[in-house]
Each structure stands twice: as structure tokens, then as C-alpha cells.
Chemist: 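Dumping the structure here so I can ask a few things about it.
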Amino acid sequence: MSTADLLADLNDAQREAVLHIDGPLLILAGPGSGKTRVVTHRIAHLLEQGIHASQILALTFTNKAADEMRTRVATLAPGARVWLGTFHRFGVRMLRKYGELVGLAPNFTIYDTSDSKQTIKRVIESQRIETAKFTAERIAAAISAAKNKLITAEAYQPKSGSPLSEVVAKVYPAYQQRLLQSAAVDFDDLLLHVASLLHENPEVRAQLDEQFKYVLVDEYQDTNRAQYVILRALSHDYPNLAATGDPDQSIYGWRGADLNNILEFERDYPQVKVVRLEENYRSTQRILRIADDLIAHNKKRKQKSLWTKNPEGPPVKLITYADQDEEARDIARQIRESIDAGSRRANEYAVFYRMNALSRAVERAMREAQVPYQMVRGQEFYQRKEIKDVLSYCQLLNNPLDDIACERAINTPSRGIGERTLERLGAHAYEYRVALLDAAREALQIEGLAKRTATKVAGFVATIDAIAKYQAESVEEVIGAVLSESGYRDVLAASDDEEDQNRLANIEELLTDARQFDERYEGHAPLEDYLERTWLVNDIDGWETDSDKVTLMTLHAAKGLEFPVVFLVALEDGILPHERSAQSPDELEEERRLAFVGITRAKQELQLSLTQRRDFRGQRRISIPSSFLMELPRHEMDQVRVTSDELTFDPMEFDGGADDDISFDFGDEPAKPQAAPIKEVAVAVTTAAALAEKTTGYMGPAISPDEFTLHMTVVHAELGPGKIVALSGSGKNRRATIQFPVAGQKRYVLAHAPLRPANR
DNA sequence: TCATGACTAACTGTT
DNA sequence: TTAGTCATGA
């Protein structure tokens with residue numbers, strides 16, 4: 001494609017970015033500003049200019065983003081073999097080639113979060129490390145955070161006064177050593193090892209820097225320290241680093257993303273050319289204004305004005321529902337009706353939520369309304385127990401040092417090899433510094449292991465050896481061998497548990513998946529490459545863009561996507577913003593960015609919703625509206641209260657109030673004693689005042705007027721929670737202006753108003 | 001010593 | 001709601 005063609009239909013800023021060739025480039029791209037377009041057109045332009053495809057490296061965070069770019073580049077520049085992929089995949093590729101420089105065998109295993117947690121547990125057990133009641137999870141998180149900051153096990157220093165860091169200082173080196181012994185890496189290592197090998201091997205660094213003369217990074221605002229260092233190392237001699245990103249869409253701080261990387265890009269690369277893409281081609285003016293107003297409350301950002309030539313659009317809706325079922329049903333109903341009316345198709349809709357746990361009610365409502373939907377959930381398939389079970393055999397074949405795989409496989413299906421036996425084997429392995437599988441091979445010689453048990457272990461080893469014969473065959477054959485030799489399939493087939501039948505079906509799906517992989521595979525290590533795929537793919541990759549279904553996903557997964565109509569549910573305090581972010585202003589800003597990302601996915605219509613009460617962890621809680629709602633321009637929005645008063649006030653209506661079959665256990669099965677908590681609910685919702693009384697979990701004790709402070713969140717007996725935005729007078733005359741998320745601003749004499757501070 | 005079933009505590013987001 | 005832990009019987 002010619003340069004002229006590549007520039008057609010681009011605005012000035014986009015054109016400027018596309019035409020940039022040498023030297024650092026920073027593209028600050030607001031949502032919907034055609035960023036992917038610019039990046040892909042720029043790649044095509046580089047190729048057009050005679051730059052060889054092998055000199056271009058494009059890094060993304062998700063496979064989906066990489067795939068999309070690949071498709072688009074293929075259209076613009078057919079046949080060009082540009083290396084396009086995720087950071088982690090790039091890490092794998094580097095480590096397969098240069099891993100020995102950091103002591104890693106090329107057939108290494110990648111441990112997911114649960115594997116690495118398991119490894120940490122084992123390390124703590126076998127080395128009897130005193131963990132001062134910190135859970136493996138806490139320790140794992142701390143190690144991960146250190147790795148993201150590029151602090152190696154050797155360099156880790158405990159902070160004085162931090163008991164956790166004292167523990168980490170002991171566990172981290174032991175864990176890292178165990179990983180290397182097992183020829184395994186965790187997700188963070190994929191970046192950390194690469195960063196250190198580039199640092200420690202200047203000649204390799206120089207060689208790669210030269211090889212990848214043009215490096216492009218997407219979502220630069222989400223890079224962590226390790227990624228930052230890798231990028232710097234690859235663009236030292238050839239500083240043609242092009243970063244695209246938007247500080248307002250940084251939502252991975254918890255994974256070590258450092259917003260400063262993008263905020264200080266200009267300091268790092270003084271010669272940088274900065275291009276701002278501010279014209280939005282996606283959303284209506286109304287949606288954009290709401291997004292803009294919200295994000296304006298953040299302090300840590302680069303000023304950026306979003307604008308669009310798009311039409312004004314309908315008002316954004318803000319709806320309060322009685323509970324999550326009402327919320328979900330109403331959304332399903334709206335979708336159902338417009339599909340039936342022929343005005344929209346299912347795939348034009350998306351429902352976003354803060355946490356996966358919130359999807360349940362929505363899913364059920366979609367099913368009931370017979371609305372086709374697809375739920376995008378991180379890692380689902382390959383994370384299932386039965387799939388991990390089967391794959392653990394494959395992992396063990398590929399890497400016999402992989403103790404976690406061995407531990408998993410050794411007693412699945414159940415062979416009578418239990419905790420104690422495993423402990424003995426583990427102790428033996430630790431003592432002689434051999435892999436668990438090797439310890440198992442010597443089972444008969446291990447002291448303290450009963451003959452009978454040792455025989456069982458030997459049986460397992462024989463199984464592994466039998467399967468190993470298939471190792472060089474296609475992946476489907478390997479998995480087939482695992483299923484028959486291990487007896488896993490027979491055990492499941494013989495079971496009359498419905499769950500097991502389900503598992504069997506999933507395993508058949510795995511075989512199909514493997515077959516499809518085999519059919520398309522061109523390479524020389526199918527098993528290893530297949531495993532790599534199972535470790536690094538994300539479920540969003542399985543997201544079908546063109547199927548006609550409503551999309552259900554978390555806000556995190558939604559980044560980079562767009563939909564004509566978006567529903568954002570559960571705008572409630574503790575959910576969005578999430579309760580775990582309440583203490584830190586930085587984290588609160590990240591939550592706000594998350595909301596911003598959700599809002600800016602919408603092209604034409606947007607509905608925000610919240611509920612008055614929500615079932616959570618089996619408990620019913622009264623909701624406090626999200627503080628973010630107070631930051632939105634209310635006059636721009638259509639506020640609706642579908643709280644159906646009759647439903648709230650009349651317990652009888654409550655039972656069958658909505659148009660279809662709400663059923664509660666207590667109605668159908670009077671014999672069961674668990675009806676009690678529901679009864680309480682029926683009382684609780686009798687009146688709004690009573691409801692407020694019942695919110696004592698959220699309401700602090702009554703306090704005197706002078707104890708109310710500015711910005712305090714308070715709960716009003718009828719209007720619910722609100723925030724104090726102004727205060728005057730004192731004692732009996734002390735008055736407060738309170739901003740309620742839904743009811744707006746109200747002024748009260750504190751001595752007489754039914755107000756209490758929220759209990760937080 | 002293992003498997004099984006009951007009980008309990010926790011549970012954000014993702015490569 | 002479920003994963004993980006604990007107690008109990010085989």
C-alpha cells in the first residue's frame with residue numbers, strides 16, 4: 001500500500017504519528033482516538049520505507065490486542081513478518097534462546113499464580129521457614145511486587161519495621177532457587193529474567209537492540225519497572241521507541257504498572273516527538289462529557305482534552321434498582337426488547353462489572369430472558385482442575401524437573417499416594433537435591449516408606465515412562481496417551497457424578513483443542529509450544545468478535561474494546577471503588593480510571609446502575625452509592641429509580657413482584673430451617689426508615705453535630721448515604737449541605753436530622 | 001495412611 | 001459461593 005493510501009482518512013495528528021520514522025515517539029491517545037489504526041498504519045509505513053519486517057518489534061499486553069494488530073497489518077502490508085506479540089511471549093522467546101545465561105534450561109515450565117503459590121508453600125514447609133502467620137498468598141504478592149520492581153532475590157532487603165518483608169527476605173531466595181531447580185519461571189520472571197540478562201550481557205543487549213531497530217509498545221501506561229528496563233535496553237543504540245498510551249487508562253497499578261513511565265517519557269527521551277490524539281471517533285458528546293468530568297477528579301494525569309464531532313446522543317442513564325436481580329433482569333429485558341423490535345443485535349451490547357463475582361446475577365437474567373451472551377473470564381478453561389490435571393502429565397514429560405506438575409500428577413487419578421508419602425518423597429528430593437520425579441524413581445530405597453506405598457509410587461513412574469514414549473508425537477496423541485495410560489478417563493467415565501461427566505466433556509474439548517493446534521502447527525516442538533499456549537493465553541482471546549451475543553466482562557478486560565451500548569453495573573461504594581482501594585489516594589484514582597475506561601467503551605448509549613442492597617458472599621448488604629456518582633454531571637443524565645416501591649415496601653409483593661419467577665427457598669421448602677435470614681430481610685425492607693435502621697452495619701453511632709466534618713460520608717435514614725459538601729454554624733445551629741448520589745444536594749440542621757456517619 | 005465429608009474462612013483485577 | 005482445612009471412619 002502506498003504512503004498516500006496509508007494517510008488517507010487520517011487526521012493531522014494521526015498523520016504526523018504515522019509518518020514519524022526515526023527517534024523516540026510518544027503517542028498520547030485518548031479513548032476512541034484511532035490509536036490502533038495509527039500504530040498499524042505506522043508499521044505499514046515503516047515497511048513501505050524499506051525497513052525490513054524483522055527489524056520491527058511490536059509489544060502489547062494481551063494476545064487479543066496483538067492479534068488485532070496482526071490482522072490489520074496483514075491487510076495493509078500482506079506477507080510482512082513483523083514480530084507482534086505480548087511482553088510475556090516475547091520474554092518466553094528470549095528465554096528459550098538466552099535463558100542459559102540466567103541459569104534456565106530451554107524447556108522451562110511457566111508457573112501460573114496458583115502454581116507459584118504452591119511452590120512457595122512447599123519451600124516454606126521443606127525449609128521450615130518461620131512465616132509469622134503471613135499466608136503464602138501475602139508472601140507471593142510481596143515477591144511478585146519485588147520482581148515487578150526489578151528487585152532480585154539477592155538484592156532484596158527487608159525493610160525495618162516490616163515483619164512481612166523480613167519473611168519475604170527469607171522466602172524469596174529459597175523460592176527463586178526452587179524455581180530454577182525445577183526449571184520453572186513464574187509470570188514475573190518472564191520479564192525479570194529478560195531484564196537481567198540484557199543488563200548482564202551487554203553483547204546480547206547490543207545485538208538485540210540492533211536486531212529490533214524499531215520497537216513499538218502499546219498501552220505504555222501499564223508498563224512496570226521490568227518492562228521499562230527491557231524497552232530502554234532495546235532502544236539504546238537505536239532509540240526508535242514508539243510508545244502509545246493514555247495515563248487515564250492505567251488500570252494495572254496493582255500489577256506493578258508505574259504511571260511514571262509514561263508521565264516521564266519526555267524526560268527519559270529528550271528528543272521525543274509527542275503526538276496527542278484527542279479527537280474521539282467513538283462516543284457521543286454526552287458520553288464523552290461524563291467521562292471527562294469524572295476523570296478530571298484525578299490529580300495524577302497529563303492534561304488532555306477529549307472532543308468529538310459525533311452527535312450529542314441520548315442522555316446517559318443512571319438507574320437505582322432494588323437489588324442485583326432487578327438490575328440484571330431489567331438490563332436483560334431492555335436488551336431482549338430491542339432485539340425483538342429489530343432495532344439492535346445482541347452483539348451491540350456489553351455489560352461491565354468490577355468483579356467476576358458480580359456476573360452471576362447478570363448471567364442468570366440473560367438466560368431467563370433467553371438473550372444469547374458470552375462471558376469473558378480470565379483464564380477459565382486451562383485453569384480448570386481436570387485440564388490442569390491432564391496438562392500436568394504433559395508438563396512433566398516436557399520438563400521432568402517440574403515438581404509442581406509431578407506433585408499434581410502423582411495422585412490423579414487417586415492412586416493411594418497421599419500427603420505423608422509426598423512429604424517423604426519431598427524430603428528425600430530436598431536432601432539429595434533431586435527432582436521429585438527422580439525421588440519417586442528411588443521410592444523403593446527410601447527409608448520409612450512402606451513397601452506397599454513404594455510400589456504405588458513405582459506404578460506412577462511406570463505410567464510416566466509409558467506416556468513418555470509418545471512425547472515426540474502430536475499433542476493430541478500425547479494427551480490421548482495421558483488419558484488412557486493414567487486411567488484418568490476410565491475413572492471419570494465410571495463415575496456417575498454429574499460433575500465428573502462434565503469434566504469428561506471438558507477433557508474431550510481439550511483433545512479437540514490439541515487437534516486443532518496440531519493441524520495448524522508448523523514447528524519442531526509441538527508439546528512445548530502447546531504448553532506455552534496454555535500458560536499464556538487469556539480467555540479474552542477466545543472472545544468471539546463476530547458472534548451475535550451480548551458480552552459480559554470485567555472492566556479490566558474491557559480495555560481496548562468498544563460497544564454501541566454499554567451497561568455498567570454496581571456503581572456502589574466498596575465495589576467501584578473497590579473497598580481495598582479506599583485507604584490509598586493512588587488506588588482510588590486507579591478505580592476512577594477503571595470507571596473511565598468502562599464509560600468510554602460506549603459508542604451510543606450508556607447506562608450506569610446501582611442497587612439499594614446487594615447479596616454478597618451469601619450476605620445481604622445495604623449498598624452505599626459509589627462516590628464517583630457524585631462526580632458526574634447529574635444534569636446531563638437521566639435518573640431513574642426502578643426501585644419499585646411496592647416491591648420495597650410490601651413483603652408480599654416482594655415474593656413475586658417482578659414479572660417472572662423470583663423464587664426464594666423459604667417459599668418452596670418450609671421444612672428447611674435456613675429460612676430465617678430471609679425473613680429478616682422481609683422485615684428489613686418493610687420501610688425505607690426501617691431499611692436504614694437495618695443498615696447499622698454501615699452506620700456509625702450517633703454523634704453530636706460538631707463531630708460532623710467536611711467530606712464525611714453520612715447515612716440518611718431515608719435518602720441513604722451522602723457526602724457532606726458544606727458545613728456551617730455549631731452546636732444546635734450546625735447545618736450541613738449533603739450531596740446524595742441520587743437525590744442531589746440537601747441541607748439539614750444536624751441536631752434534628754436523621755443522620756449518622758457512615759461506618760467505614 | 002488415605003479418602004471422604006463436614007465445616008470454615010475468604011473473596012478485586014490479569015500476564 | 002467455593003476453595004481450603006479439619007475431623008472421622010476405612
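A note on names: the letters A, B, ... follow the listed sequences, proteins ahead of strands, and every chain is numbered from 1.
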Chemist: Determine, step by step, whether A:N506 and A:I387 satisfy the side chain to side chain contact (heavy atoms under 4.5 Å, CB included) criterion, reporting the C-alpha distance in whole Å, the side-chain angles of both residues, the deciding distance to 0.1 Å, and the verdict.
Modeler: CA-CA 7 Å; A:N506 285 329; A:I387 303 300; 4.2 Å; yes
Chemist: What do you reckon, are the aromatic ring centroids of A:F61 and A:F87 less than 6.0 Å apart?
Modeler: yes
Chemist: Please give, in whole Å, the distance from B:dG13 P to A:D222 CG?
Modeler: 17 Å
Chemist: Answer yes when A:R122 and A:D403 have at least one side-chain N-carboxylate O distance shorter than 4.0 Å, and no when they do not.
Modeler: no
Chemist: May I ask you to check whether A:H556 and A:W254 place their ring centers less than 6.0 Å from one another?
Modeler: yes
Chemist: Nearest-Å distance, OH (A:Y252) to P (B:dT14)?
Modeler: 6 Å
Chemist: Just so I know, are the side chains of A:S623 and A:L610 near enough to count as touching, which here means a heavy-atom distance under 4.5 Å?
Modeler: no
Chemist: For A:T554 and B:dT14, is the shortest distance between a side-chain N/O and OP1 or OP2 below 4.0 Å?
Modeler: yes
Chemist: Using atom NZ of A:K456 as one end and atom P of B:dC2 as the other, report the distance to the nearest whole Å.
Modeler: 7 Å
Chemist: Report the distance from atom CD of A:Q383 to atom P of C:dA3, rounded to the nearest whole Å.
Modeler: 12 Å
Chemist: Would one find a side-chain N or O of A:T421 under 4.0 angstrom from OP1 or OP2 of B:dC2?
Modeler: yes
Chemist: Between atom CD1 in A:I575 and atom P in B:dG13, what is the gap in whole Å?
Modeler: 12 Å
Chemist: Is there any protein nitrogen or oxygen under 3.5 Å from a nitrogen or oxygen in nucleotides 3-7 of chain B, and what are the pairs?
Modeler:
| residue | atom | partner | partner atom | Å |
| --- | --- | --- | --- | --- |
| B:dA3 | OP1 | A:S414 | OG | 2.6 |
| B:dA3 | OP1 | A:G416 | N | 3.2 |

Chemist: So, A:F212 versus A:W83, ring centres under 6.0 angstrom or not?
Modeler: no
Chemist: Would you mind reading off the distance between A:N224 atom CG and B:dG13 atom C1', rounded to a whole angstrom?
Modeler: 15 Å
Chemist: Does the pair A:E589/A:R301 count as a salt bridge with the N-to-O cut at 4.0 Å?
Modeler: no
Chemist: Do we get A:R138 above A:F134's six-membered ring, with its NZ or CZ under 6.0 Å from the centre and within 45° of the axis?
Modeler: no
Chemist: Between atom CG in A:N148 and atom P in B:dG13, what is the gap in whole Å?
Modeler: 18 Å
Chemist: Closer to the 5' end of DNA chain B via nearest nucleotide, is it A:I251 or A:R424?
Modeler: A:R424
Chemist: Measure from CD on A:E423 to C1' on B:dC2 and round the result to the nearest Å.
Modeler: 13 Å
Chemist: How would you label the contact of A:F87 with the nucleic acid (heavy atoms, under 4.0 Å): base, sugar-phosphate, or nothing?
Modeler: nothing
Chemist: Evaluate the side-chain proximity of A:Q324 to A:D615: yes if any heavy-atom separation is below 4.5 Å, no if none is.
Modeler: yes
Chemist: What nitrogen or oxygen pairs link the protein and nucleotides 9-12 of chain B at under 3.5 Å?
Modeler:
| residue | atom | partner | partner atom | Å |
| --- | --- | --- | --- | --- |
| B:dT12 | OP1 | A:R580 | NH2 | 3.0 |
| B:dT12 | OP2 | A:R580 | NH1 | 3.0 |
| B:dT12 | O4' | A:H578 | NE2 | 3.1 |
| B:dT12 | O2 | A:R354 | NH1 | 2.8 |
| B:dT12 | O2 | A:R354 | NH2 | 2.1 |

